[in-house]
Amino acid sequence: MGDCIFCEIGSDNSKAERIYQDDYCFVIQDINPITPIHLLLIPTEHIVELWDNQEKLLGHLLVVASKVAEQTGLKANGFRITINQGKDGGQTIPHLHLHLMGGRELPWGTGF
Ligand code: AMP
Ligand code: ZN
């Protein structure tokens, strides 16, 4: 959709290596990781908002997150899943995505 970077990456395999891909979403490495493992789970469809009537998709993304956590070795020590929603939530790309972060112990709160 338009000039959305995640739509662009989603429609062109050469733009970023996929850690995982299915009919509904794909997973790539965050370009600016804040933890040793920092992945983005991105719906292929351009969905802007968390509450955009996406029950099935949101459930699917969480199931994929747990699969990918296992695949990348995060399962043993745990991980964090974050959704930044809107301006105050720190969302910079208005295309729904989950951050999957781990590889070191993370403090509670916003201090990464
Ligand atoms: P958010 O602040 O939740 O909207 O997160 C956007 C995330 O996308 C940030 O962590 C960025 O580092 C990441 N990002 C931006 N552009 C790219 C890109 N081209 N490939 C991978 N990650 C990106
Ligand atoms: Zn998009």
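In listed order, ligands and their atoms are each counted from 1.
When non-hydrogen atoms are compared, ligand 1 lies under 4.0 Å from neither the backbone nor the side chain of Ile34. Only the side chain of Leu40 comes within 4.0 Å of ligand 1, counting heavy atoms alone; its backbone N, CA, C and O stay farther away.
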_Verdict with reasoning, Leu40 to His99, per side chain to side chain contact (heavy atoms under 4.5 Å, CB included)_ = CA-CA 5 Å; Leu40 299 174; His99 295 255; 3.4 Å; yes

*Report the C-alpha distance between Leu58 and Leu50 in whole Å, list the side-chain angles of each, state the deciding distance to 0.1 Å, and finish with yes or no for side chain to side chain contact (heavy atoms under 4.5 Å, CB included).*
CA-CA 8 Å; Leu58 290 169; Leu50 178 57; 3.7 Å; yes

*After noting the C-alpha distance and the side-chain angles of Glu45 and Leu57, does the key distance pass the side chain to side chain contact (heavy atoms under 4.5 Å, CB included) rule?*
CA-CA 10 Å; Glu45 193 184 336; Leu57 177 67; 5.9 Å; no

*Between Phe26 and Ile9, is a side chain to side chain contact (heavy atoms under 4.5 Å, CB included) present by the stated rule, with each step listed?*
CA-CA 10 Å; Phe26 60 95; Ile9 293 170; 3.8 Å; yes

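At least one side-chain heavy atom of His60 sits under 4.5 Å from a side-chain heavy atom of Asp22. A heavy-atom distance below 4.5 Å is not found between the side chains of Thr35 and Arg80. Side-chain contact between Gln29 and Leu39 is present, with heavy atoms from C-beta onward closer than 4.5 Å.
Residue, atom and distance of the protein heavy atom nearest to atom 4 (O) of ligand 1 are Thr92 N, 2.7 Å. From the protein, the heavy atom lying nearest to atom 22 (N) of ligand 1 is Ile31 N, 3.1 Å. Distance from atom 1 (P) of ligand 1 to its nearest protein heavy atom, with residue and atom name: His97 NE2, 3.1 Å.
Put simply, the side chain of Gln91 gets close to the backbone of Gly86: a donor and an acceptor are under 3.5 Å apart. Although no hydrogens or angles enter the test, the distance criterion places no donor-acceptor pair under 3.5 Å between the side chain of Arg104 and the main chain of Gly102.
Lys15 does not count as a contact of ligand 1, since none of its heavy atoms falls under 4.0 Å from the ligand. For the ligand labelled ligand 1, residue Ile9 lies inside the 4.0 Å heavy-atom shell. Using a non-hydrogen distance threshold of 4.0 Å, Ala16 does not register as a contact of ligand 1.
Here is the list of ligand 1 atoms found below 4.0 Å of a heavy atom in Asn84: 1 (P), 2 (O), 3 (O). The Phe6 neighbourhood of ligand 1 comprises atoms 8 (O), with distances under 4.0 Å to a heavy atom of that residue. Per-residue contacts place His99 under 4.0 angstrom from the following atoms of ligand 1 (heavy atoms of the residue considered): 1 (P), 3 (O), 5 (O), 7 (C), 10 (O). Distances below 4.0 Å separate heavy atoms of Asn32 from the following atoms of ligand 1: 12 (O).
Under the 30°/60° scheme for interplanar angles, the aromatic rings of Phe6 and His95 are found to stand perpendicular.
At a 3.5 angstrom cut-off on N or O pairs, Ile93 counts as close to ligand 1. Residue contacts with ligand 1: Ile5 is placed with no nitrogen or oxygen under 3.5 Å of a nitrogen or oxygen of the ligand (distance criterion only). The N/O atoms of Asp30, backbone and side chain alike, include one that comes under 3.5 Å of an N/O atom in ligand 1. An N or O contact shorter than 3.5 Å is missing between Gln91 and ligand 1 by distance.
Clustering ILVMFWY residues whenever any of their side-chain heavy atoms sit less than 4.5 angstrom apart, transitively, puts Ile81 in the very cluster that holds Ile19.
Looking only at N/O/S atoms, His46 comes nearest to the Zn ion (ligand 2) through ND1.
The angle His95:ND1 - the Zn ion (ligand 2) - Cys4:SG amounts to 100°, with values rounded to 10 degrees.
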